[in-house]
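A short write-up of the structure that comes next.
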Amino acid sequence: MLPERLSRLEELSRNLWWSWSPEARALFRSISVRLWRSTDHNPVRMLRVVTPDRLERLAEDPTFLKKYDALVRTFEKYLRAHPPKREKSQAEAASPSIAYFSAEYGLHGSLPIYSGGLGILSGDQAKTSSDVPLDFTAVGFMYPKGYFDQEISGAGDQIAHYDDLDIANVAIERATLPNGEPLVVSLPMQRPDDLLHLQVWLVLCGRVKIYLMDSNIELNEPANRDITTRLYGGDREYRLRQEIALGVGGIRVLRALGLQPEVFHANEGHVAFTFLERLREGIASGLSILEAKQTVRNSSVFTTHTPVPAGHDAFDPDLIAKYFWHYWPQIGMSKEEFFALGEHDGLFNMTALSLNLSARTNAVSKKHGEVTATMWPDYLNTDGKKTGTANPGTILSSITNGIHIPTWLAPEMEDLFHHELGHQWKEHLEDVHMWEQIRDVSDETFWRIRQQLKTSLFSFITDRVRRKWSPLLFNDEASNPGEPATDHLFEKQGSFVASGLLLDPSILTIGFARRFATYKRATLIFHDLNRLKALVTDPVRPIQIIFSGKAHPADEGGKQLIREIWNYALDPAFGGRIAFIENYGMHVAKYLVRGVDLWMNNPKAPLEASGTSGMKAAINGIPNFSILDGWWMEGFIGGDAPASATRNGWGFPGITSGSQEDQDREDATHMYDTLEREIIPLFYDKGIDGIPHRWLQVAKESIATLLPRFCGQRMMREYLETMYRPAANHPHAK
Ligand SMILES: *Cc1c(COP(=O)(O)O)cnc(C)c1O
């Protein structure tokens, strides 16, 4: 138990605000640096394993107490700021009440309920909404086994571990009703009497509440208990059952809590059954079908996230009928009318359903907006001309993704900004002129910080290898339960090299980390092995590359790419300068997007809807080198002269015509050329002080030009102005 004097540590650890508050992180870290590391920066778990003795001593340590008291005050002040009240006369300053739905949330590494970019975006949107603040309530799933932990076998095979999440170790609690009873909602599945029950968890994310549903309760039939077990696991029917629970259950959670949001934001088609549940509610409250549809449409906002067709969920009509036959009479529709709500190419398509039932839709970058318009032309009200009520179409806009700055910015950079821009900088993230001052930071200071961040990354990597080599060193209660047994270790020694043991911090280090979907082409840089080897083993100006990423367990192509990279990493011809960091997630990502020298991304154009990892790198002073697609098409500033003063990175248009082989060859050639002629020479062009001054211009330009444009504040302001307010102000809104 906590000493009385420090009792509020418990409360602090149970609001994820700590994950983006530098003061809170510093305080928890100072309790025990070793435990902070071995728990992967998780204060809930740390407070469970720290010795009572240590806490007693801190409760009498004046320095610690001073920081603790200050932190408690900062936290209270943060929580007190309320979204401005919504009054008609002050529509400008006001936030409508927003309900937000997403299948995954990337909030912190300790809560593995996300798989990739979509989840990280939801998490960053919730955190930014808390900061702004917006009146924002989020709903999703708690996955008891979460997304998997990745281990790579000696041969390079991805091994997926689904460990049970120990609830006691994460910042999550049971959601309760105002009368104190546990919140449970129910909904029919195949038959009106085949009820699925969902218990609900609550995550406090600053001022924002995130409600997560979980089917693993006694009340449920065995067949229904595992609906929320895994993120993106199982077959089509499992997926459909999940999405019914998510959509219909999600609305019922809000209603059970007595919430009547003005705006409903469906983040991707997975949550599209929210629309149907709201139609049902409308009919039940006495509206005609047409009125109910209008009400739902006008108050709904839908975000689509991918140009990859397979990323749009669609179900066989027979499967839909199996679960919805009892539903269409309830909304006074025939089977045919019901299917028409989501029919697309002979399937019941979740994106089509969402486009039909929301008046406003957005893509996640300008380029993605253009691609989306060509993918779904029949559903759009492009020029405002479709006014009929039968098929009014949705208004498509583009809101380029952004990131939650406090989550992704290194504490060392925070300190620099404090020093250079004044203590209020966080209140002016979009202020382009303020950010121009970054150009005046001395190269010595900037380089020192960059080197510190690189050192942190390298110690993190070495520490990981050490844990693999000798789990015994970490066998306190806080060590990872999934750690391999010692007797396997000696077979695995080669894997220490692949895990980065031989990396050299003095070498230009390129980072490439993302989900291993094949269109992201993780192995493109291996296209011409001889050319790459020459770059990697250059005696004077070598490069090294750190890869990281998970492949979906069912994606054989993605797993094959991991295998290839792993084997290159083991190949002595690359001299230990290719590494693959296992178990990419938010924790690994934080080290990578702060610690490498150059961030690379080379998807097949135009399939990258936005991309956000490059933004995380940019704000930490890491230049991007990427295909001009998604966000980078908007962010890149080139200049014709190599290394012109206004450059903020490097970009090249991905080839879109010709065979896949032609495209890969041309794109790869472009990569090698740019690395050889521009990037590598610039990085190694150091003054007699050992500092690459011209490189740092690009690095600073990255922050100055990209941070104000790709911060979460800009993104949420655009959602508020172009989506949320118009939806809330509509006369039919309710
Ligand atoms: C930011 C992030 C992503 C998304 O990055 P992209 O550039 O969009 O691929 C995926 N996974 C993790 C862990 C991240 O931090």
Side-chain angles (χ1 to χ4, degrees), residues 19-20 40-41 102 104-125 127-128 146-150 231-232 267-268 303 305-308 311 363-365 367-368 400-410 457 510-522 546-552 558 561 581-596 598-620 622 624-627 629-635 649 706 710-712 715:
S19 72
W20 72 89
D40 290 346
H41 307 179
S102 182
E104 44 172 312
Y105 289 89
L107 295 160
H108 185 259
S110 58
L111 202 51
I113 57 169
Y114 64 94
S115 75
L118 178 72
I120 307 283
L121 182 80
S122 309
D124 278 12
Q125 292 188 332
K127 291 171 183 174
T128 309
Y147 201 55
F148 67 95
D149 278 334
Q150 178 198 53
L231 176 56
Y232 305 140
N267 191 42
E268 187 55 298
T303 306
H305 282 272
T306 181
V308 181
V364 293
S365 72
K367 178 71 194 175
H368 179 224
T400 305
N401 284 344
I403 53 169
H404 183 244
I405 301 297
T407 294
W408 298 106
L409 190 68
L457 168 64
I510 301 176
F512 182 105
R514 48 194 42 82
R515 274 187 314 112
F516 269 56
T518 42
Y519 78 89
K520 304 214 182 207
R521 299 193 297 186
I546 304 181
F547 290 90
S548 191
K550 293 176 182 174
H552 187 284
L561 295 181
I581 309 300
E582 285 156 290
N583 209 22
Y584 184 52
M586 289 182 78
H587 193 59
V588 172
K590 281 185 187 176
Y591 283 95
L592 286 173
V593 300
R594 294 167 185 176
V596 299
L598 183 75
W599 195 258
M600 198 173 72
N601 190 20
N602 46 47
K604 180 175 155 54
L607 296 183
E608 182 83 336
S610 167
T612 52
S613 57
M615 304 173 191
K616 302 168 193 167
I619 63 164
N620 285 297
I622 299 172
N624 277 265
F625 172 38
S626 295
I627 294 252
D629 193 8
W631 82 283
W632 191 230
M633 238 177 141
E634 294 160 50
L706 299 171
F710 298 98
C711 61
M715 165 174 67

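Whatever order the structure lists ligands and atoms in, that order sets their numbers, starting from 1. All values derive from a computational prediction rather than experimental measurement.
No hydrogens or angles considered: nothing links the side chains of N401 and T612 as a donor-acceptor pair under 3.5 Å.
Ring pair F710/W631 is perpendicular by interplanar angle, where above 60° counts as perpendicular and below 30° as parallel.
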Report every pair formed by an N or O atom of ligand 1 and a protein N or O atom separated by less than 3.5 Å, giving atom names and the distance to 0.1 Å.
residue, atom, partner, partner atom, Å
ligand 1, 7 (O), T612, N, 3.3
ligand 1, 7 (O), S613, N, 2.9
ligand 1, 7 (O), S613, OG, 2.5
ligand 1, 8 (O), T612, N, 3.1
ligand 1, 9 (O), K520, NZ, 3.4
ligand 1, 15 (O), K616, NZ, 2.6

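Contacts of S613 classified as side-chain hydrogen bond (donor to acceptor under 3.5 Å, both in side chains), with partners at least two apart in sequence or in another chain: R514, W599. Applying the side chain to side chain contact (heavy atoms under 4.5 Å, CB included) rule to S19 yields the partners L16, H108, K127; only residues at least two apart in sequence or on another chain are considered. In this structure Q125 satisfies the side-chain hydrogen bond (donor to acceptor under 3.5 Å, both in side chains) test together with Y100, sequence neighbours excluded.
For the pair E608 and K520, the salt-bridge criterion is met [side-chain N within less than 4.0 Å of a carboxylate O].
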